[in-house]
2 protein chains.
Amino acid sequence: MKKITIGEAARQSGVKVPTVRYYESIGLLAAPSRSEGNQRSFDPADINRLAFIRHARELGFEIEAIRALLTLQDDPHQSCASADAIAKARLIEVEQRIRSLMALKAELETMVEGCGHGRVDQCRVIEVLADHGQCTHPHH
Amino acid sequence: MKKITIGEAARQSGVKVPTVRYYESIGLLAAPSRSEGNQRSFDPADINRLAFIRHARELGFEIEAIRALLTLQDDPHQSCASADAIAKARLIEVEQRIRSLMALKAELETMVEGCGHGRVDQCRVIEVLADHGQCTHPHH
DNA sequence: TCTTGCACCTCTAGCCGCTAGAGGATGTAG
DNA sequence: CTACATCCTCTAGCGGCTAGAGGTGCAAGA
């Protein structure tokens, strides 16, 4: 049986070494076995789990949501309704965030376009920030 | 001269009371004068400054960017090139964030649509998370 | 075999931008 | 005068890591 060091696990999963230890410390990853010299020794399943966590983090899932998803993955005979619900909730969050950012984008564009590159007392950027009423899209 | 309490300042600016104190503590807002009983007493300029900060925070500017913008506002004869640069940088950030979130959205939609509401071992949500290679848009 | 040098270990503290709570003082209305 | 909201300071905590100190393990070259 090949032993996988934490560095190797990090490389293969794309999760940084201190982050792997962090995930272990919060119980997202089971504590691996240790070598004689007290060094962590991971097995391939741990790498998969780390990759799963990393992917979910990239998709913006919170640690607690990932914990729930991992619990589901660990017991494949359960209904996947919860996984579906978690993903749907995340989708709604993302959609709201996009809408909000689009409004911000419009606002920032107006600010930047209106800037005559003169002095601060005529600067639209500063002006709009100082007075929310000047916003074209006040929904942020 | 009317004295504005911290609670009133919070109400008028839309910044929470502890956050007002926090902004003072990090030097974003000058320490206001105090009443005989050591209570903060703000003036209308402070309310404006707080509203400016709040608006900038809503637009996602970082505290240090806001500090820079406030410095510019305090000296209206300066060129507004820096304000412009800060806003442009923020605009680029927002655009990138939107692009990234759109990719996430597509991914999450595929996951949710593919879910047959059966058991976890057939769940597309879990499956895709476990294997990044199944992503339709691997750019996240 | 020895030494070099990287990778590993634990532990604590820090990042951002607040937020919460303890424990007490002040101010105001009835 | 009492009740009660609001204020004060201070410390600690949130999420999700990241950085650094100070020490140990291990493999490869001389």
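So you know, we letter chains A, B, ... as the sequences are listed, proteins then strands, and number each from 1.
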Between CD of A:Glu24 and P of C:dC11 the distance, given in whole Å, is 12 Å
Contacts of B:Thr5 and A:Glu62 projected onto DNA chain D by closest heavy atom; the upstream (5') one is B:Thr5
Sequence neighbours left out, cut at 3.5 Å: what donor-acceptor pairs do the side chains of residues 17-29 of chain A make with other protein atoms?
{"from": "A:Glu24", "atom 1": "OE1", "to": "A:Arg40", "atom 2": "NE", "distance (Å)": "2.6"}
{"from": "A:Ser25", "atom 1": "OG", "to": "A:Tyr22", "atom 2": "O", "distance (Å)": "2.7"}

Sequence neighbours excluded, the answer for side-chain contact (heavy atoms from CB on, under 4.5 Å) partners of B:Gln96 is B:Ile92, B:Arg99
CG of A:Leu72 to NE2 of A:His77, rounded to nearest 0.5 Å, is 13.5 Å
When rounded to whole Å, the CZ to P distance for the pair B:Phe61 and C:dC16 reads 18 Å
Quick one: is B:Arg40 getting a side-chain N or O under 4.0 Å of the D:dC8 phosphate, OP1 or OP2? yes
Among D:dC17, D:dC8, C:dC9, the one nearest any side-chain atom of A:Tyr23 is D:dC17
d(B:Ile4 CD1, B:Asp46 CG) to nearest 0.5 Å is 7.5 Å
When rounded to whole Å, the CD1 to C1' distance for the pair A:Ile66 and D:dG15 reads 12 Å
For B:His55 and A:Leu129, the nearest pair of non-hydrogen atoms, with its separation, is ND1-O, 3.2 Å
Practice item. Establish, with yes or no, whether the OP1 or OP2 oxygen of D:dT9 is under 4.0 angstrom from a side-chain nitrogen or oxygen of B:Arg34. Key: yes
Quick note, salt bridge (charged side-chain N to carboxylate O under 4.0 Å, His left out) partners involving residues 68-90 of chain A, not counting sequence neighbours, are A:Arg49-A:Asp74, A:Asp84-A:Lys88, A:Arg90-A:Glu93
Separation of D:dT6 atom P from B:Lys3 atom NZ, nearest Å, is 15 Å
By side chain to side chain donor-acceptor pair (under 3.5 Å), B:Glu127 pairs with (sequence neighbours left out) B:Gln134
B:Ile63 atom CD1 is separated from C:dT19 atom P, nearest whole Å, by 11 Å
Every protein N/O within reach of nucleotides 23-25 of chain D N/O, cut-off under 3.5 Å:
{"from": "D:dG25", "atom 1": "O4'", "to": "A:Gln39", "atom 2": "OE1", "distance (Å)": "3.3"}

One should read off an interatomic distance between B:Thr71 OG1 and B:Ile66 CD1, to the nearest 0.5 angstrom, of 11.5 Å
Atom CG of B:Leu28 and atom P of C:dC18 are separated, to the nearest Å, by 9 Å
Closest non-hydrogen atoms of A:Val128 and A:Cys135, given as atom of the first, atom of the second and distance, are CG1-SG, 4.1 Å
From CD1 of A:Ile6 across to P of D:dT18 the rounded distance in Å is 13 Å
Taken to the nearest whole Å, CD1/A:Ile26 to P/D:dG16 is 8 Å
Per the under-4.0 Å heavy-atom filter, residues of residues 9-22 of chain B near DNA chain C come out as B:Lys16, B:Thr19, B:Tyr22
